[in-house]
**Q** 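Next up is a structure, given as structure tokens.
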Amino acid sequence: MKFTVKVWRQKNAKAKGKFETYRVEGISPDTSFLEMLDILNNQLIHEGKEPFAFDHDCREGICGMCSLYINGRPHGPDDEITTCQLHCRKFKDGDTITVEPWRSAAFPVVKDLVVNRHAFDEILQAGGFISTTGIAPDANIIPIRKQDADESMDASACIGCGACVATCKNGSAMLFVAARVSALAKLPQGRPEAAKRAKAMVAKMDELGFGACSNTGACEAECPKHISIAHIARLNREFLLANLQD
Amino acid sequence: MVNFLCSSIGKKLIMSLSGLFLVVFLLLHLALNLTALLSESAYNAVCAFMNENILIQIMVPVLAGGFIVHILFSMFVEFKNWTGRPRDMRYAVANKSKATSWASKNMFVLGVIVILFLFLHLFHFWSKMQLASWLGAEEANPYQLVVKTFSCPCVCVLYIVWFAAIYYHVSHGFWSAFQTLGLSNSKWLPRLQFLAKLYAIVVFWGFTLVPVCFYLRNCCGCCGASSCGL
Ligand code: HEM
Ligand code: SF4
Ligand code: FES
């Protein structure tokens, strides 16, 4: 297959970026999208040009490091996958593929296609944890309803990729925060700090420049782990009840 | 409290409560309108009741307040949301995700359309009825006012455009408000979305029925106002 690839190039956070257009040929349909970018970068190196930077790590859909807004969709033209799970067979031979970084006020571009998602870490540091003292008790000592365990597990599937923010018209982080709050709120171990957690994480989210939730559902549609917006209802509930408590 | 009202969820709580208040108001308003299809005397009697009842008099400023709060907070929320992805950070390729409804992404524009037509509506009816009576001027016969207003096809079309904007606004707003209040989960989400559609359809067709019936009655003499029970 051959493609025309338009890549966002930006020297650093302050520089003004622009698209550069490249061509790649002889790509097998079974090549992963990121491998295609590797081949393209290799080509640029051989031509004496600077390769473009993009984020990736596990390349098996579990770390949340890969990003990229491809032809108008975070993680490209397929549902419930990360960019590293996307293959070239999802495109047509001769296609023009436009690759942009995540764009959100809270995710500034570092270089080319790499954005800084440290804002997510800050939200987690604000309350996305359970405090323990002493040694951790045996995991099975506290009985947990299967239904609650399942819901907590579903919410825990969030890999912190930021696709929800990237696709939301408000650049809102509500799905990410909801997934983290929900995962802990559904477990007895998470209850003692639940009210404090909801308030602290929402306050941090607002402070860092993410928008509010308009319930468009765009996040759920693009989330590689298909985290449901029902978790956002739970976050709202947790937050409102937490504010009623004091 | 101030902290809470400045938070993104706090602001949306105010929007959802004021929005649901307006949702209930729309149903009451619809019920009153439909009496105009029954008979002139029924409609005029209802209007007279609305003018005299003390509870209704109290509710008028409360309703206005509901609108003002909803609009004010919609601006707070919307303007903050615009900064989530500033102008110089827009994507070159428009978002191609199919799963979201058009209404949910255009609530503010829809709201602005609703408010503009609302002024026209207040001018058409309220200024000649309740406002006139407050000012001590002579009040129009409510029924005849409806007949006269909807004898113009352009006015009818404008009203139907207005009802369409309301349709889209509430088809999302209705379930979105429950979501904001935390009164939803994976089981209730699809049910609330269904109820929102149902509510929006009832409101749209209910309101549309009045101008359409009055216009048709007016232009075909064979079923004049008194002979046809429409
Ligand atoms: C007939 C009148 C109206 C009704 C019944 C109504 C109802 C609602 C409801 C129930 C919501 C959902 C709140 C939530 O998501 O929690 C909503 C949202 C909204 N309304 Fe209204 N509304 C009306 C008029 C207006 C007007 C005049 C504006 C003025 C600009 C407006 C602007 C908005 C906006 C921007 C939102 C979305 C906020 C967001 O989620 O980001 N609405 N409305
Ligand atoms: S909620 Fe989904 S889209 Fe958002 S960060 Fe988590 S995995 Fe990514
Ligand atoms: S590189 Fe780890 S999820 Fe894509």
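We name chains A, B, ... by the order of the sequence lines, and we start the count at 1 in each one.
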**Q** Is chain A contacted by the side chain of B/A92, its backbone, both, or neither, given a heavy-atom distance below 4.5 Å?
**A**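 Contact with chain A is through both the backbone and side chain of B/A92.
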**Q** What option among B/S97, B/P86, B/C6 has the most heavy-atom pairs under 4.5 Å with chain A?
**A**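 Option with the top pair count is B/S97.
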**Q** Who wins among B/E78, B/M107, B/M89, B/R85 for the most heavy-atom pairs under 4.5 Å with chain A?
**A** B/R85
**Q** If I measure from the heavy atoms of chain B, does A/T98 come under 4.5 Å with its side chain, its backbone, both, or neither?
**A**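 The side chain, not the backbone.
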**Q** State whether a side-chain donor-acceptor pair under 3.5 Å links A/T216 with A/K169.
**A** no
**Q** Given that the side chain runs from C-beta out, which part of A/Y69 has a heavy atom under 4.5 Å from chain B: side chain, backbone, both or neither?
**A**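 Side chain only.
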**Q** Contact part of A/A173 toward chain B, heavy-atom cut-off under 4.5 Å: side chain, backbone, both or neither?
**A**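 For A/A173, there is no contact with chain B at all, as no heavy atom is under 4.5 Å.
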**Q** So for A/V165, is it side chain, backbone, both, or neither that comes closer than 4.5 Å to the heavy atoms of chain B?
**A**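 Only the backbone of A/V165 comes within 4.5 Å of chain B.
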**Q** Counting only non-hydrogen atoms closer than 4.5 Å, does A/D79 touch chain B with its backbone (N, CA, C, O), its side chain (CB onward), both, or neither?
**A**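 It is neither, since no heavy atom gets under 4.5 Å.
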**Q** Is it the side chain or the backbone of A/I229 that comes within 4.5 Å of chain B heavy atoms, both, or neither?
**A**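 Both parts, heavy atoms under 4.5 Å.
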**Q** Would you say B/S8 and A/D206 are linked by a side-chain donor-acceptor pair, where the criterion is simply a distance under 3.5 Å?
**A** yes
**Q** Does the distance from a Lys or Arg side-chain N to an Asp or Glu carboxylate O, for A/D121 and A/K204, drop under 4.0 Å?
**A**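 No, this pair does not count.
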**Q** Do A/E238 and A/R191 sit within salt-bridge range, that is, some charged N less than 4.0 Å from a carboxylate O?
**A**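 A/R191 and A/E238: salt-bridged.
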**Q** Just say parallel, tilted or perpendicular for the rings of B/H121 and B/W162, cut-offs at 30° and 60°.
**A** tilted
**Q** At under 4.5 Å between heavy atoms, what parts of residues 166-189 of chain B are in contact with chain A? List them by residue number.
**A** B/H172, B/W175, B/S176, B/Q179, B/T180, B/L181, B/G182, B/S184, B/N185, B/S186, B/L189
**Q** Restricting to non-hydrogen atoms, name the atom on A/H75 and the atom on A/C161 that form the minimum distance, rounded to 0.1 Å.
**A** NE2-SG, 3.6 Å
